[in-house]
Amino acid sequence: MSPRRDSAVPARLPVIPENDPVWQAVLRAPIDDEPLTEEERAAMEAGADGQGIPHEVVTAELRRRAEAEGAGAEFDELMRARLRR
């Protein structure tokens with residue numbers, strides 16, 4: 001019997017190139033070993049209901065901030081590069 005496959009799980013996870021600067025920064029980042037504050041715990045519990053921010057809303061906010069800093073063209077190029085992958 002084959003394992004059950006949940007339809008919400010993508011068939012293939014994206015591959016992160018080893019030379020990706022963001023991935024390299026994640027790998028080099030120190031582990032946060034400080035205990036959580038009560039405020040942080042409360043915030044995590046409040047967000048635990050599964051509600052999130054839609055991708056379109058996040059993308060629009062990032063674009064707005066990029067434009068405010070004069071980097072709208074760079075943002076557009078990054079988004080086009082993401083789609084070409």
Side-chain angles (χ1 to χ4, degrees):
M1 182 186 219
S2 62
R4 182 177 152 236
R5 184 157 196 110
D6 189 344
S7 62
V9 177
R12 184 173 163 237
L13 295 175
V15 176
I16 301 172
E18 286 185 33
N19 63 350
D20 182 293
V22 175
W23 180 239
Q24 291 302 314
V26 168
L27 292 175
R28 288 190 305 272
I31 295 173
D32 182 5
D33 59 355
E34 293 182 21
L36 294 175
T37 65
E38 289 305 316
E39 184 177 289
E40 291 168 328
R41 276 195 180 85
M44 287 171 43
E45 289 174 13
D49 63 358
Q51 298 297 314
I53 302 171
H55 179 265
E56 296 78 19
V57 173
V58 173
T59 304
E61 176 62 16
L62 289 172
R63 180 159 214 332
R64 186 190 68 74
R65 290 181 185 197
E67 285 178 348
E69 294 179 11
E74 290 88 349
F75 178 83
D76 290 340
E77 181 57 34
L78 286 171
M79 294 306 288
R80 279 192 297 274
R82 180 181 162 273
L83 294 174
R84 286 190 296 256
R85 286 185 182 180

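We count residues from 1, following the sequence as given. A quick note: this is a predicted structure, and the numbers were derived from the prediction, not measured.
Heavy-atom contacts from other residues, nucleotides or ligands closer than 6.0 Å to CG of L27 number more than 12.
A salt bridge between E61 and R64 is present, with a side-chain N of the basic residue lying under 4.0 Å from a carboxylate O of the acidic one.
By the side-chain contact (heavy atoms from CB on, under 4.5 Å) test, P54 pairs with E56, V57, sequence neighbours left out. Checked against salt bridge (charged side-chain N to carboxylate O under 4.0 Å, His left out), E38 has the following partners two or more places apart in sequence or in another chain: R41. Partners of V26 by side-chain contact (heavy atoms from CB on, under 4.5 Å), not counting sequence neighbours, listed by chain and number: W23.
For residues 68-78, the side-chain hydrogen bond (donor to acceptor under 3.5 Å, both in side chains) pairs, not counting sequence neighbours, are R63-D76, E77-R80, E77-R84.
In the hydrophobic cluster analysis, where Ile, Leu, Val, Met, Phe, Trp and Tyr join through side-chain heavy atoms closer than 4.5 angstrom, I53 is grouped apart from M44.
Rounding to the nearest 0.5 Å gives a distance of 8.5 Å between CD of E67 and CZ of F75.
The hydrophobic cluster of L78 has no other members, since no ILVMFWY side-chain heavy atom comes under 4.5 Å of it.
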